[in-house]
Colleague: 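Supplied in structure tokens, the structure appears directly below.
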Amino acid sequence: MSIVGVRELKSHLTQYLRKTKAGEEVIITERGMPIAVIQPAKKALPSKSSASKLAELAKEGKISLPQQKFLLKIPIIKISGSPISETVLEERR
């Protein structure tokens, strides 16, 4: 495990990424206080798809999923007669 300050990390990022790739964790500090950890991707939690995250939240009761599919396209309604904009202007006079 390596401990490195932000400035040093910026200057030698490639070096620390190589260490991480080799399996070593790197702790990043700012003014002597740890603020982040870079760890190999193998150790990181596997990322879930957004659908599985939503399903998990729904199972916990934190959200409710839609019961029907959303409209992908709003239907266009045609009305006979004069345009609505003309009617609105007439009503304003």
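Nothing here was measured: the structure is a model prediction, and the numbers come from that model.
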Colleague: Name every donor-acceptor pair, under 3.5 Å, that has one atom in a side chain of residues 2-19 and the other anywhere in the protein, sequence neighbours excluded.
Modeller:
| unit_1 | atom_1 | unit_2 | atom_2 | d |
| --- | --- | --- | --- | --- |
| S2 | OG | E24 | OE2 | 2.4 |
| E8 | OE2 | H12 | ND1 | 3.0 |
| S11 | OG | R7 | O | 3.1 |

Colleague: When Ile, Leu, Val, Met, Phe, Trp and Tyr are grouped by side-chain heavy atoms lying under 4.5 Å apart, directly or through other members, which residues fall in the same group as L54?
Modeller: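 Members other than L54 - counting any ILVMFWY side chain reachable under 4.5 Å - are L57, I63, L65.
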Colleague: Given side chain to side chain contact (heavy atoms under 4.5 Å, CB included), test M1 with V26 step by step and report yes or no.
Modeller: CA-CA 6 Å; M1 176 176 17; V26 178; over 6 Å; no
Colleague: Please tabulate, one pair per line, all N/O donor-acceptor pairs under 3.5 Å involving side-chain atoms of residues 80-93, not counting sequence neighbours.
Modeller:
| unit_1 | atom_1 | unit_2 | atom_2 | d |
| --- | --- | --- | --- | --- |
| T87 | OG1 | P83 | O | 3.4 |

Colleague: To the nearest 0.5 Å, tell me how far E25 CD sits from I38 CD1.
Modeller: 10.5 Å
Colleague: For T20 and Q39, work out which heavy atoms get closest and say how close.
Modeller: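 Closest heavy-atom pair between T20 and Q39: CG2-C, 3.5 Å.
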Colleague: Output every pair passing side chain to side chain donor-acceptor pair (under 3.5 Å) with a member in residues 56-66, not counting sequence neighbours, ordered by first then second residue.
Modeller: K48-E56, E60-K62
Colleague: Who are the side chain to side chain donor-acceptor pair (under 3.5 Å) partners of E30, not counting sequence neighbours?
Modeller: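 Testing E30 for side chain to side chain donor-acceptor pair (under 3.5 Å), a comparison that skips the adjacent residues, returns none.
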Colleague: Listed by chain and number, what are the side chain to side chain donor-acceptor pair (under 3.5 Å) partners of S52, not counting sequence neighbours?
Modeller: S49
